[in-house]
2 protein chains.
Amino acid sequence: MPVKTSAQPSANPRKKPRQARAQATVDAILQAAAHILVGQGFEGFNTNVVAERAGASVGSLYQYFPNKEAIISEMVRAKRARLLNGLQAAEAAHQESELPEALAALVAATIAHQKGWPQLSQALDRAAALVPLSVEGTALTAAILELLQRVLRRHDVADVEIAALDLLSLCRGMIDGALLRGETDTAALQARVMRAASGYLGIAVT
Amino acid sequence: MPVKTSAQPSANPRKKPRQARAQATVDAILQAAAHILVGQGFEGFNTNVVAERAGASVGSLYQYFPNKEAIISEMVRAKRARLLNGLQAAEAAHQESELPEALAALVAATIAHQKGWPQLSQALDRAAALVPLSVEGTALTAAILELLQRVLRRHDVADVEIAALDLLSLCRGMIDGALLRGETDTAALQARVMRAASGYLGIAVT
DNA sequence: TCAATATGTGAGTGATTACTCATATTTTGG
DNA sequence: CCAAAATATGAGTAATCACTCACATATTGA
């Protein structure tokens, strides 16, 4: 009857997967976590069921994630990284373009990013507010904002800090809402978002 | 985390407060619930602590709310009702106005509504996604959308269903974001939202 | 071949918490 | 003044769940 200490959320640094087998386990856990989050919501998201769905044991899960929140945190981090990637590609492709074209490319990248699995996108956005984000996750968010500010500044937009935040909120709201209610015509969605964004910036729509 | 209990979360219809004393208890519970939700988030929101903060006992709480979710549900219902009220007043005051003026009034009403306690607004919006809303709450949401559609239709906007949803998403995103990061200049916020909304509708800003 | 290391296991532990119920107190109507 | 109705109480109950640990199995590298 080993009297053990109460289960405390240890901040222990966990192992990094070094063998392919371990990486597969981590991937399976993240996959399972995504399904649970979408299917049962944050409420039904618990480590036991995530491990079970992943075909692993809770013990394995805790080898790679120090606590429940870290799983969500990693999913958010990965998603932000993908978005930043898309936006960077759009930025690079429009170094010489005018603002409307550059903006259109950024909006298109954002729509494409959310389009794949909008329910997961939404669930992660919500969950991100409930768990402490990793420093890397926070840094990615900042990087996304900075990219936007950079593009706006290059085209002499005023108040770039506020404008970047507003445009991000505006796009996220519209895109999230539209994709969640099942819209599939992304071209039409893109056009509507561009009307709002262009109006905000006081430029003509292309 | 919250889960069901052995004794099934009875869907029993609970008592309505008939004496002033009872109404005061209910009010105190809702007040306390708001503070807890803002302070500890949905995670830390549990019936024991809500009752304690309200200066009542858990037993009393369960006299008036069939379960934990019902508390949130009622808060959401009340908030939606207040928003609808504000929008109806704006609509009534602009039966004869042109679209830009009517729209401005609706935006102003929305900003005023969120402005009082933006953290609570946000917390409730998030929480609304986690609990089953009452039929009345759902009906209020529908009524808000219908009001918007009615105004747009009166001014011959095309695709009113989509437009109403887009405008709501757009406004909510921008207003929520701005107020949460501490913006206090509501006139400036109003102007920015109007630029986006006007751009969306293809009308000139007033 | 064979240690050393990496990975996997899952029953068990303590903490939390939604909700009940037997009982006590207050208010009301006549 | 008094019963009936309304309201309040809070210890207790069973369920859930994050997390650990002692141990088993697989892989690696020399």
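Letters go in sequence order (proteins before strands), and every chain restarts at 1.
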Practice problem: Ignoring backbone atoms, establish whether Ser60(B) has a side-chain N or O less than 4.0 Å from OP1 or OP2 of dT9(D). | Solution: yes
Practice problem: Using whole Å, report how far CG of Leu61(B) lies from P of dT20(C). | Solution: 11 Å
Self-check item: Atom pair distance, as rounded to whole Å: CZ in Phe65(B) and P in dT17(C)
Solution: 20 Å
Quiz item: How would you list, by chain and number, every residue that makes a salt bridge (charged side-chain N to carboxylate O under 4.0 Å, His left out) with Glu136(A), sequence neighbours excluded?
Solution: Arg77(A)
Quiz item: Toward the 5' end of DNA chain D, which comes first, Pro17(B) or Val58(A), by nearest nucleotide?
Solution: Pro17(B)
Quiz item: What are the two closest non-hydrogen atoms of Ser73(A) and Pro132(A), and how far apart are they?
Solution: OG-O, 3.8 Å
Atom pairs and distances, side-chain donor-acceptor, residues 23-34 of chain B, under 3.5 Å, sequence neighbours left out:
residue  : atom : partner  : partner atom : Å
Gln23(B) : NE2  : Asp27(B) : OD1          : 3.0
Thr25(B) : OG1  : Arg21(B) : O            : 3.1

Quiz prompt | With Arg53(A) via salt bridge (charged side-chain N to carboxylate O under 4.0 Å, His left out) - residues at least two apart | solution = none
Quiz prompt | Salt-bridge criterion met for Lys115(A) and Glu183(A) (N-O under 4.0 Å) | solution = no
Quiz item: Under 4.0 Å: is that the gap between some side-chain N or O of Ser57(A) and OP1 or OP2 of dG10(C)?
Solution: no
Exercise. Give a yes/no answer on whether the side chain of Thr25(B) brings an N or O atom under 4.0 Å of OP1 or OP2 in dT7(D).
Key: no
Quiz item: From dC19(D), dA8(D), dC19(C), pick the nucleotide closest to the side chain of Asn67(A)?
Solution: dC19(D)
Exercise. Using only side-chain N and O atoms of Tyr64(A), determine if any of them is under 4.0 Å from OP1 or OP2 of dG8(C).
Key: yes
Quiz item: What is the distance, rounded to the nearest whole Å, between atom CZ of Phe42(A) and atom P of dA18(D)?
Solution: 9 Å
Quiz item: Roughly how many Å is it from OH in Tyr62(B) to P in dT13(D), rounded to a whole number?
Solution: 18 Å
Quiz item: Roughly, in whole Å, what's the span from CZ in Phe45(B) to C1' in dT16(C)?
Solution: 16 Å
Quiz item: Of all residues at least two apart in sequence or in a different chain, which pass the side-chain contact (heavy atoms from CB on, under 4.5 Å) check with Gln122(A)?
Solution: Arg126(A), Asp176(A), Leu180(A)
Quiz item: Does the side chain of Thr47(A) get closer than 4.0 angstrom to OP1 or OP2 of dC17(D) through an N or O atom?
Solution: no
Less than 3.5 Å apart, which donor and acceptor atoms pair up between the side chains of residues 165-175 of chain A and the rest of the protein, not counting sequence neighbours?
residue   : atom : partner   : partner atom : Å
Asp166(A) : OD1  : Arg181(B) : NH2          : 3.3
Asp166(A) : OD1  : Arg192(B) : NH2          : 3.1
Asp166(A) : OD2  : Tyr200(A) : OH           : 2.5
Asp166(A) : OD2  : Arg192(B) : NE           : 2.5
Asp166(A) : OD2  : Arg192(B) : NH2          : 2.9
Ser169(A) : OG   : Leu165(A) : O            : 3.0

Self-check item: 5'-most by nearest nucleotide on DNA chain C - Ala56(A) or Asn48(A)
Solution: Ala56(A)
Quiz item: Just how far, in rounded Å, is C1' of dA11(D) from CD of Glu52(B)?
Solution: 15 Å
Practice problem: Any chance you could list the contact pattern along nucleotides 21-30 of chain C? Use B for base contacts, S for sugar-phosphate-only contacts and - for none, protein heavy atoms under 4.0 Å, 5' to 3'. | Solution: -----SSS--
Self-check item: Value in whole Å for how far the P atom of dT17(C) lies from CD of Gln40(B)
Solution: 11 Å
Exercise. Rounded off to whole Å, could you give me the CG-to-C1' distance for the Asn46(A) and dT16(C) pair?
Key: 14 Å
